[in-house]
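All values derive from a computational prediction rather than experimental measurement. Order of appearance sets the numbers: ligands from 1, and atoms from 1 within every ligand.
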Amino acid sequence: MLNIRNIAIIAHVDHGKTTLVDKIIHASQIFRENQQHQDLILDSNDLERERGITIVSKNVSVRYKDAKINIIDTPGHADFGGEVERVLKMADGVILLVDAFEGPMPQTRFVLGKALALGLTPIVIVNKVDKENCRPDEVHEAVFDLMFNLDATEEQLNFFTLYGSAKQNWMGPDWKNPTDNIFPLLDAVLEHIPAPKIDEGTLQMQITSLDYSSFVGRIAIGRVKRGTITENQQIALCKADGSIKKMRVKELQVFEGLGRVKVSEVMAGDICAVMGIEDFEIGDTIANADNPEPLARISIDEPTMNMLFTINNSPFFGKEGKFVTSRHLRDRLFKETEKNLAMKVESTDSEDKFLVYGRGILHLSILIETMRREGYELQVGQPQVIFKEIDGVKCEPIELLVVDVPQETAGKVIELATQRKGELTIMEPKGDLQHLEFRIPARGLIGLRNNVLTATQGEAIMNHRFSEYEPFKGSIPGRINGSLIAMEGGPCTAYAIDKLQDRGMFFVDPGDDLYAGQVVGEHSRDNDIVVNIQKGKKLTNMRASGTDDNVRIIPAKKFSLEESMEYIQKDEYLEITPKSIRMRKIYLDENERGRMAKKDS
Ligand SMILES: Nc1nc2c(ncn2[C@@H]2O[C@H](COP(=O)(O)OP(=O)(O)OP(=O)(O)O)[C@@H](O)[C@H]2O)c(=O)[nH]1
Ligand SMILES: [Mg+2]
């Protein structure tokens with residue numbers, strides 16, 4: 001009988017999960033001597049690596065002493081919280097990482113709460129003790145308090161704690177005495193995390209996550225709860241509607257190091273990938289064909305936000321992308337829902353327009369970014385929070401918002417959050433910073449980050465996570481400033497921008513080719529105005545320097561994709577191509593815009 005441990009690594013975003021899992025893999029020497037080593041091998045897709053965030057959870061497995069340790073690396077960003085909740089079903093214990101300076105954050109609370117409720121055994125790691133002005137002892141105490149508040153059992157409260165630095169590759173019992181390896185952690189896993197408890201009975205395996213391969217299609221991943229699953233076995237797939245489908249297992253794999261290996265059977269307690277199962281959904285049970293007993297289903301998080309996705313119909317359409325038709329867009333969006341579980345797509349009464357539902361700005365922006373890298377052109381509208389009617393009352397999602405800011409700017413942040421119906425619940429010092437917590441409608445968060453960062457010269461650290469639905473809080477002021485809109489098409493000139501500098505801030509550089517109706521800047525006042533920024537000397541070589549002899553203009557403000565998504569207004573679209581992100585008015589023509597605005601009001 002194999003000696004197994006199943007653990008999930010959980011934490012708030014950036015507290016060091018992936019770094020630690022990478023170190024564990026190194027420690028167990030799964031690398032052959034000459035294999036090339038890259039940092040964060042686990043964050044394997046381009047976007048994950050570039051952004052330094054984990055988007056989908058991943059299974060790896062290491063051998064240590066006489067045991068096999070299955071490890072699940074989970075994403076820390078709140079938009080992917082539902083994913084964590086699901087994969088916890090595969091684990092018997094969790095390693096909770098907490099940053100030795102930041103301490104428990106909103107997502108720490110959320111994921112820990114889920115783990116405790118499932119009865120999992122926690123091991124706590126106070127990570128990043130190499131950081132200057134870290135406060136490991138206080139953080140340890142805060143974790144204890146958090147567990148207590150989350151109704152941890154007596155046993156869970158007796159959690160084992162290690163201190164260390166995943167980055168510097170060490171863990172130990174005392175943060176003031178660094179060790180030179182992470183074996184204390186692996187030993188702690190063997191000692192404190194229970195081996196899988198195995199029930200008597202026939203096969204049961206719940207599908208908790210999936211992988212996708214262009215060769216074999218969707219691959220079901222889960223933990224064998226009871227019995228044994230074998231290659232070629234006939235099984236029963238128990239679905240959500242109570243129906244049962246008979247099918248055959250084509251191939252079985254278990255996790256080994258960073259990859260998977262083919263096996264002929266998998267026993268209860270281990271985690272495996274099953275190929276050949278068609279039409280399954282997350283939460284379905286693979287069971288014995290003659291005795292199909294489904295496991296309790298897993299709920300999947302409901303989307304909290306939606307956005308209109310449409311084809312690019314700007315004057316520049318088709319210049320930079322390969323996939324531009326509504327057919328392309330439709331196929332790509334529906335394909336996404338096969339593997340992106342928290343995402344939903346709805347057709348609308350126009351064949352060019354789709355409503356895409358997701359868990360937040362990041363969740364949606366990752367899809368958009370992926371699509372533009374694949375060569376798609378598209379346009380999206382302003383993100384909309386999803387309202388719900390509960391007992392006849394219109395309700396909206398409320399988020400817990402945490403902001404850590406330097407003392408002197410705390411007042412400004414409170415003012416900004418309060419304007420958007422944020423309610424300050426906690427204000428306390430944290431190191432040299434001021435720690436603020438608010439309850440705020442999700443609507444109020446859209447665009448708030450930009451303002452908070454400006455107000456604090458980029459010093460604020462902001463985090464939020466969905467809390468619950470509450471009755472609608474009333475109207476919230478949107479963006480205070482209007483847009484500067486291009487009057488005509490053509491390249492803009494430094495001369496014209498210079499002359500208009502007192503009207504507001506520009507998003508375009510001299511030489512950029514524009515179209516009429518494009519949003520080229522932010523007006524210093526609250527209304528939209530149309531500007532002529534093509535006039536004057538059309539110098540050709542100005543783009544490189546951004547200046548010419550007489551003209552010194554303020555550098556253009558550049559937005560990231562997420563910032564742009566949060567910035568645009570109801571009557572604006574974001575045009576996205578593989579090379580560009582442009583903001584535009586939905587109605588490019590000024591007269592039409594006027595008519596439509598009147599019709600709306
Ligand atoms: N100073 C210090 N930095 C660390 C330590 N561990 C991780 N980091 C850094 O923290 C950042 C985030 O690390 P990741 O391992 O990607 O964090 P994560 O928890 O996997 O993040 P998500 O998957 O996005 O939730 C990286 O820049 C790491 O280099 C540590 O012990 N000390
Ligand atoms: Mg990670």
Answer yes or no for Ala11: is there a heavy-atom contact with ligand 1 below 4.0 Å?
no
Using distance alone, determine whether Gln168 and ligand 1 share an N or O pair under 3.5 Å.
no
State, with a plain yes or no, whether a side-chain heavy atom of Thr121 is found less than 4.5 Å away from one of Asp92.
no
May I ask you to check if ligand 1 and Leu20 share an N or O to N or O distance below 3.5 Å?
no
Is the shortest N/O to N/O distance between Lys131 and ligand 1 below 3.5 Å?
no
Might you point out which heavy atoms bring Arg372 and Thr577 nearest each other, and give the distance in Å?
NE-O, 2.9 Å
Side chains of Met90 and Asn59: closer than 4.5 Å at any heavy-atom pair?
yes
If you measure every N/O of Gly76 against every N/O of ligand 1, is any gap under 3.5 Å?
yes
Of all the atoms in ligand 1, which lie at a distance below 4.0 Å from a heavy atom belonging to Gly16?
7 (C), 13 (O), 14 (P), 15 (O), 17 (O), 18 (P), 19 (O)
Between the main-chain N or O of Phe466 and the side-chain N or O of Glu399, is there a donor-acceptor pair closer than 3.5 Å?
yes
2.8 Å cut-off met by an N, O or S atom of Thr54 to the Mg ion (ligand 2):
yes
For His363 together with Tyr357, are the ring centres under 6.0 Å from each other?
no
So if I count the atoms of ligand 1 from 1 in the order they appear, which ones are less than 4.0 Å from some heavy atom of Thr54?
20 (O), 22 (P), 23 (O), 24 (O)
Just which atoms of ligand 1 are under 4.0 Å from any heavy atom in Thr18?
15 (O), 18 (P), 20 (O), 23 (O)
Salt bridge (charged side-chain N to carboxylate O under 4.0 Å, His left out) partner of Asp211, chosen from Arg218, Arg260, Lys58:
Arg260
For the residue pair Gln253 and Met275, establish whether any side-chain heavy-atom pair is separated by less than 4.5 Å.
yes
Using distance alone, determine whether His77 and ligand 1 share an N or O pair under 3.5 Å.
no
Between Asn127 and ligand 1, which residue portion shows a heavy-atom distance shorter than 4.0 Å: side chain, backbone, both, or neither?
side chain
Do Gln206 side-chain atoms and Ala296 backbone N/O form a donor-acceptor pair below 3.5 Å?
yes
Would you say that Ile69 contacts Ile193 through its side chain, given a criterion of any heavy-atom pair below 4.5 Å between the two side chains?
no
Element-labelled atoms of ligand 1 that are located less than 4.0 Å from some non-hydrogen atom of Lys167
2 (C), 3 (N), 4 (C), 5 (C), 6 (N), 29 (O), 30 (C), 31 (O), 32 (N)
Where ligand 1 meets Gly52 - atom numbers and elements under 4.0 angstrom, heavy-atom basis:
16 (O), 24 (O)
Going by the 4.0 angstrom heavy-atom rule, the piece of Lys128 near ligand 1 is both
So is Ile53 polar-close to ligand 1, meaning N/O to N/O under 3.5 Å?
no
Compare all side-chain heavy atoms of Leu436 with those of Ile414 and state whether any distance is below 4.5 angstrom.
yes
Using heavy-atom distances only, which candidate in Val126, Thr19, Leu97 approaches atom 15 (O) of ligand 1 most closely?
Thr19
Using only atom types and a distance under 3.5 Å, with no angle test, would you say the side chain of Lys430 pairs donor to acceptor with the backbone of His435?
no
Quick check: does Thr19 put an N/O/S atom under 2.8 Å from the Mg ion (ligand 2)?
no
